[in-house]
Amino acid sequence: MKKLMLSFALLALLSSCHDKTKEKLDDAKDALTEEVTSHIDSAKINAEAKLDTLKSKAKTKVDSLKLKSAEKMDEAAKKLKESVQK
């Protein structure tokens, strides 16, 4: 009888510990999910900021190249006019 009661007590203890452990695991899982989500969000924000910076730099370079090419075209047109007039 003692062994039977001891077995039931041990089963009750193990099942109650199992519930507490499961709750702790669920809490840890939720915390980890939240942390990973926040890291992903911050990485996304940083990537968007860098992408915007690169876009503006590229646009500036393209605009300066357009101006330089327009100047070169004007110079070439002037030279062509001068050579036609001679």
Side-chain angles (χ1 to χ4, degrees):
M1 188 71 177
K2 263 185 171 177
K3 290 183 181 181
L4 185 62
M5 293 299 280
L6 186 58
S7 297
F8 283 131
L10 186 59
L11 277 173
L13 180 64
L14 288 176
S15 66
S16 69
C17 289
H18 177 72
D19 292 338
K20 289 178 184 177
T21 305
K22 187 174 180 181
E23 288 175 12
K24 287 180 182 179
L25 285 175
D26 287 341
D27 291 342
K29 184 178 91 173
D30 292 341
L32 183 63
T33 302
E34 185 177 321
E35 187 176 339
V36 168
T37 303
S38 69
H39 281 292
I40 289 172
D41 290 342
S42 67
K44 182 180 175 184
I45 290 169
N46 288 339
E48 287 174 348
K50 287 181 181 181
L51 185 61
D52 289 341
T53 302
L54 289 174
K55 281 182 182 179
S56 66
K57 285 182 180 179
K59 187 175 188 268
T60 303
K61 286 183 180 181
V62 167
D63 290 342
S64 70
L65 287 174
K66 283 181 182 178
L67 289 174
K68 286 180 183 178
S69 64
E71 290 172 359
K72 295 280 185 179
M73 292 287 284
D74 288 341
E75 289 176 18
K78 285 180 186 178
K79 287 181 183 178
L80 185 61
K81 283 182 183 179
E82 290 174 0
S83 68
V84 169
Q85 289 176 356
K86 290 184 182 180

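If you chain together ILVMFWY residues whose side-chain heavy atoms come under 4.5 Å of each other, V36 ends up grouped with L32, I40.
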Donor-acceptor pairs under 3.5 angstrom involving side-chain atoms of residues 64-78: please list them, not counting sequence neighbours.
{"unit_1": "S64", "atom_1": "OG", "unit_2": "K61", "atom_2": "O", "d": "2.9"}
{"unit_1": "S69", "atom_1": "OG", "unit_2": "L65", "atom_2": "O", "d": "3.1"}
{"unit_1": "S69", "atom_1": "OG", "unit_2": "K66", "atom_2": "O", "d": "2.9"}

N/O donor to acceptor pairs below 3.5 angstrom from side-chain atoms of residues 41-54, sequence neighbours left out:
{"unit_1": "S42", "atom_1": "OG", "unit_2": "S38", "atom_2": "O", "d": "3.4"}
{"unit_1": "S42", "atom_1": "OG", "unit_2": "H39", "atom_2": "O", "d": "2.9"}
{"unit_1": "N46", "atom_1": "ND2", "unit_2": "S42", "atom_2": "O", "d": "3.4"}
{"unit_1": "T53", "atom_1": "OG1", "unit_2": "A49", "atom_2": "O", "d": "3.0"}

